[in-house]
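Here's the structure, in structure tokens; my notes come after.
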Amino acid sequence: MSTINAYKPFLGLLIFGNIENLVLAAQGVIDGADPYVVAIASLCLVISWQLIGVFGTKVAMKYSRHIEFLGGLAIFILGIQSMIPLISHFL
């Protein structure tokens, strides 16, 4: 049970990270990105983040609030960035 408790501070980041993936996928569809390039890049980034998560979790625990804030800010900025072309298209 203590392992699960150690990851509770990152639960919000995990949930919003999935939303970020949806935003990035929507941007790729709008911009006409090559799905194979996006898939390969996504796999590389997921593996990299997994390695960082495995080896950097103990260090990052002291900074979990900062990390969660920056992750949420990045999601907000990417969401706005993905909506701007659509809004200008409708106006």
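Hydrogens, waters and symmetry mates are skipped; everything else that's a heavy atom, side chains included, is used. Along the sequence shown, residues are numbered consecutively beginning with 1.
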Quiz item: With hydrophobic residues grouped by side-chain heavy-atom distances under 4.5 Å, do Ile75 and Trp49 end up in a single group?
Solution: no
Quiz prompt | Listed partners of Leu51 passing side chain to side chain contact (heavy atoms under 4.5 Å, CB included), at least two apart | solution = Ile47, Phe55
Self-check item: CD-CG distance between Gln50 and Leu45, expressed to the nearest 0.5 angstrom
Solution: 13.0 Å
Quiz item: Taking only residues two or more places apart in sequence or in another chain, which ones pass side chain to side chain contact (heavy atoms under 4.5 Å, CB included) with Ile40?
Solution: Cys44
Practice problem: Any chance you could measure Leu43, atom CG, to Ser48, atom OG, to the nearest 0.5 Å? | Solution: 10.5 Å
Quiz item: If you look at every heavy atom in Ser82 and Pro85, which pair is closest and at what distance?
Solution: O-CD, 3.6 Å
Quiz item: Can you hop from Ile52 to Val46 via hydrophobic side chains spaced under 4.5 Å?
Solution: no
